[in-house]
Amino acid sequence: GPIVADVQLQLSAITDTVVVSASYVDTPRSEAAAEVTAFTRQDIETRQFTTVAEALQFVPGMSVAATGGAGSVTSLFSRGGESDYTLVLLDGIKLNSFGGGFDFGHLTTFGLAQVEVVRGPQSAVYGSDAIGGVVQMRTRIGGRPAASGLMEVGGYGTTRLAAGTTGTRGPVAWGLSLDQVRSKGWTDVAPGTADRVTNDDYRASAIAAAADWRLNARATLRVDGRFGSNERGNPGPFGSNPIGAFGGIDTVSRGTNDFGMAAVSFTHEWSPALTLRARTDYADVRSSFVSPWGDSQARSRRWTARGQIDRSFNRVVSATVGAAIDGERANSTYITGATSEAIPVTRTNAGYFGEVRLRSASRLFVTAGLRAEHIVRGAIEPDPWAWEPRPTLPADRVWSVNPRGAVSYYVRTSDESAGNWTRAHASAGTGIRPPDAFEIAFTDNPALKPERSRSIDGGAEQSLAGGLFVVDATAFLNHYDDLIVAVGRSLQDYSRYRTDNISNARARGLETSAAIRTRGGLDVRVSYTFLDTEVLGVDGGQAVAPPPFAPGDWLVRRPRHQASVDVTWSRRAVTAFARAGGRSRVLDVEPNWGASGGLFQTPGFAVADAGVAFHVGRRIDVQTRVNNLFDCQYESVLGYPAPRRSFTVGVRLAASR
């Protein structure tokens with residue numbers, strides 16, 4: 001179920017969580033000026049979250065859209081932004097593809113110590129792709145030597161096996177996890193047809209490892225790695241069929257992804273007030289897709305190096321300065337050159353950043369940062385054989401400066417009012433997302449610019465009953481500029497290129513949450529998000545928008561209303577949860593032909609889950625849960641039915657010495 005750290009972390013100062021995603025340094029959540037949601041390992045296990053996407057569904061301001069069951073393409077929309085506007089990090093390693101896209105369908109929770117979500121643009125901290133927010137996952141490492149395991153079987157022929165170990169011995173800390181998921185997927189008759197669904201199966205396996213070596217009292221070396229693969233069939237959109245374009249179950253199409261990534265980081269504390277941090281990482285993702293129309297391959301590689309210096313001047317003021325560089329390279333069967341052979345698209349991003357932090361008497365917390373980004377895209381040879389031939393694209397250079405500021409002020413502290421407190425908070429910033437490989441490869445625009453965002457938010461958080469009841473409300477306003485669109489005939493008066501930065505959009509809304517924690521082990525959390533999105537006119541023509549949209553239309557797959565309720569109860573040997581979440585109707589595209597097939601409404605829905613775990617031994621839990629408790633028939637994405645009611649039973653093991 002959902003858990004909002006803005007609420008939880010203030011309920012008990014003893015468990016105040018340290019977050020790393022809202023600034024350049026680790027910061028207690030109670031002192032973070034940005035709006036952050038955090039899920040701890042206990043939160044994940046109590047609510048039996050199996051994927052990160054399950055947890056993100058209940059974060060205020062976040063909308064998750066999945067095209068089916070286990071392993072299906074799953075997108076995240078942050079505060080009305082696009083699905084490629086959220087930066088995704090695992091222990092600091094960037095997981096996004098070239099251009100910011102990311103599929104949340106394969107991220108499992110086993111082995112994670114914490115998941116952090118920062119809302120609003122964070123390009124001042126992370127550079128490009130953090131245009132709408134950040135999701136960072138931290139793996140478990142260190143502590144008393146321990147081993148853990150998980151075995152589950154459930155509906156749709158789903159099985160899950162996982163095992164791991166963590167611990168510390170002398171100067172070395174480690175963490176290791178292995179996770180494997182198998183699912184047969186939908187094997188019943190497609191809704192409203194006589195066709196039986198096949199080719200909906202899924203398999204995934206991953207191994208993650210981390211080691212931390214304390215070289216001496218002041219220096220630490222850390223190594224992280226993650227490797228794995230996944231494969232899923234693609235039967236097509238066998239649900240809603242608004243224009244009758246679905247041609248039947250696709251029994252051939254399936255995609256495979258193989259990935260590997262590694263990082264080395266070094267930290268040296270020159271003095272209690274001065275710290276040097278350096279890291280380098282590499283990520284490589286290979287994808288292949290088999291379809292009735294032929295096979296295709298794609299590959300995305302990224303190398304990153306980063307260094308920063310953290311300086312504390314006194315108890316009030318601290319600062320960070322540094323630089324980072326990353327090189328990206330994308331290949332695809334469909335991106336070809338003068339000889340019809342596949343050619344790479346390359347880009348180098350160099351960022352130079354600084355941040356100042358102010359902490360005044362445990363009441364006022366201010367963060368102000370700035371990052372200058374130098375983005376260089378390599379030259380691309382022409383493609384004279386394409387449906388619309390591409391000319392030679394010379395190397396392109398863009399400078400971008402992105403500021404960000406955030407403030408958190410405790411109007412009343414818990415010391416002043418018997419455990420009650422009042423916090424006001426606000427932030428503003430800008431973000432940037434350079435074009436992805438296909439946007440670059442299929443344009444005749446030699447200077448296609450990055451998409452940009454401008455954002456501001458503000459709100460208040462109130463604690464009552466000594467911290468047992470907390471309510472929070474945050475209003476936000478985002479503007480998205482220079483959106484990349486295919487011009488087409490209807491927009492030729494506004495651009496001489498086939499693709500250009502001429503579209504804009506706006507999103508505004510209100511995020512609210514409330515939590516009650518009782519001394520009897522009952523924890524109740526409620527959240528509601530109101531989101532108002534609007535397609536704006538193209539630059540130079542306020543009465544025109546990219547077809548099939550018109551100015552004033554909603555943005556696709558962004559619900560106007562979204563709400564959730566999460567209840568957990570723990571008493572001696574029993575831990576139980578119940579949660580419900582839902583959204584209003586959304587605007588979507590025709591599932592077979594996309595936007596060219598027209599725009600349609602996908603109805604709203606509400607879905608509930610419940611589960612219980614029994615502690616049958618000191619280190620053994622037997623757990624069971626029901627997903628889609630009331631067997632709701634709905635689609636998160638138009639044309640793709642969501643899984644119906646399913647039962648899961650499993651055993652969680654833990655051992656330490």
Side-chain angles (χ1 to χ4, degrees), residues 1-3 39-59 64 66 68-72 74 104-112 115 148-164 177 179-186 202 204 521-527 564-582 605-617 619-634 636 641-654:
I3 178 164
F39 302 85
T40 65
R41 175 189 175 188
Q42 182 179 358
D43 299 329
I44 292 170
E45 293 182 354
T46 298
R47 291 157 177 82
Q48 298 186 36
F49 288 138
T50 60
T51 66
V52 174
E54 286 181 337
L56 296 177
Q57 291 181 22
F58 297 93
V59 177
V64 177
S72 62
T74 304
F104 280 88
H106 311 295
L107 276 179
T108 59
T109 57
F110 188 84
L112 296 182
V115 178
S148 59
L150 176 67
M151 298 175 288
E152 287 187 338
V153 294
Y156 293 95
T158 302
T159 61
R160 186 183 183 195
L161 298 174
S177 66
D179 197 357
Q180 183 181 84
V181 180
R182 296 285 189 274
S183 177
K184 294 180 180 179
W186 197 300
Y202 174 65
L522 183 68
D523 191 351
V524 181
R525 308 174 191 280
V526 181
S527 70
S564 66
V565 178
D566 171 43
V567 180
T568 61
W569 178 75
S570 182
R571 192 73 171 179
R572 296 186 177 90
V574 179
T575 299
F577 76 86
R579 57 178 178 254
F605 61 85
V607 62
D609 307 321
V612 62
F614 302 94
H615 312 295
V616 298
R619 302 294 180 183
I620 302 176
D621 289 352
V622 175
Q623 58 188 39
T624 183
R625 66 179 176 274
V626 185
N627 293 104
N628 197 351
L629 180 64
F630 301 108
D631 200 25
C632 176
Q633 185 174 346
Y634 70 98
S636 177
R644 304 293 291 272
R645 180 168 51 215
S646 64
F647 298 85
T648 300
V649 63
V651 178
R652 185 179 293 275
L653 309 173

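Residues Val153 and Arg160 form no side-chain contact, since every pair of their non-hydrogen atoms from C-beta on lies 4.5 Å or further apart. A 4.5 Å side-chain heavy-atom check between Arg182 and Thr158 finds every atom pair outside the cut-off. Residues Pro641 and Trp186 form a side-chain contact, since some pair of their non-hydrogen atoms from C-beta on lies under 4.5 Å apart. At a threshold of 4.5 Å between non-hydrogen side-chain atoms, the residues Val574 and Phe614 count as touching. Considering only heavy atoms from C-beta on, Phe630 stays 4.5 Å or farther from Arg645 through its side chain. Counting heavy atoms from C-beta on, the side chains of Phe110 and Ser148 come closer than 4.5 Å. Counting heavy atoms from C-beta on, the side chains of Leu653 and Arg619 never come closer than 4.5 Å.
No donor-acceptor pair under 3.5 Å is formed between the side chain of Thr46 and the backbone N or O of Ile44. Checking side-chain atoms of Asp609 against main-chain N and O of Asn628 turns up a donor-acceptor pair under 3.5 Å. Thr624 places a side-chain N or O within donor-acceptor distance of the main-chain N or O of Thr648, the cut-off being under 3.5 Å. At distances below 3.5 Å, at least one donor-acceptor pair connects side-chain atoms of Tyr156 with backbone N or O atoms of Arg644.
Of the residues Asp43, Leu522, Asp523, the one that meets the side-chain contact (heavy atoms from CB on, under 4.5 Å) test with Thr568 is Asp523. Phe104 pairs in a side-chain contact (heavy atoms from CB on, under 4.5 Å) with only one of the listed residues (Leu56, Val64, Thr51), which is Leu56.
Taking the six-membered ring where tryptophan is involved, the planes of Phe39 and Phe49 are perpendicular, since the angle between them exceeds 60° and thus also 30°.
Residues forming a side chain to side chain donor-acceptor pair (under 3.5 Å) with Ser177 (at least two apart in sequence, or on another chain): none.
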| field | Gln623 vs Glu45, side chain to side chain donor-acceptor pair (under 3.5 Å): CA-CA, chis, key distance, verdict | value | CA-CA 10 Å; Gln623 58 188 39; Glu45 293 182 354; over 6 Å; no
| Stepwise side-chain contact (heavy atoms from CB on, under 4.5 Å) check, Val607 with Tyr634 | CA-CA 9 Å; Val607 62; Tyr634 70 98; 4.1 Å; yes
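When every heavy atom of Phe605 is checked against every heavy atom of Ser636, the shortest pair comes out as CE2-CA, 4.2 Å. In plain terms, the two heavy atoms of Arg572 and His615 that are nearest each other are O-CD2, 3.6 Å. Across every non-hydrogen atom of Gly69 and Pro643, the tightest pair is CA-CG, 3.6 Å. The two residues Ser72 and Ala66 make their nearest non-hydrogen contact at OG-CB, 4.1 Å.
One finds the CZ atom of Arg525 at 11.0 Å from the OG atom of Ser564 (value rounded to the nearest 0.5 Å). Distance OG/Ser646 to CZ/Arg625: 8.0 Å, rounded to 0.5 Å. Annotation: the span from Thr108 atom OG1 to Glu54 atom CD amounts to 10.5 Å, rounded to 0.5 Å. With rounding to the nearest 0.5 angstrom, the CZ atom of Arg652 is 5.0 Å from the CG atom of Leu150. Considering CG of Asp179 and OG1 of Thr109, their distance stands at 7.5 Å, rounded to 0.5 Å.
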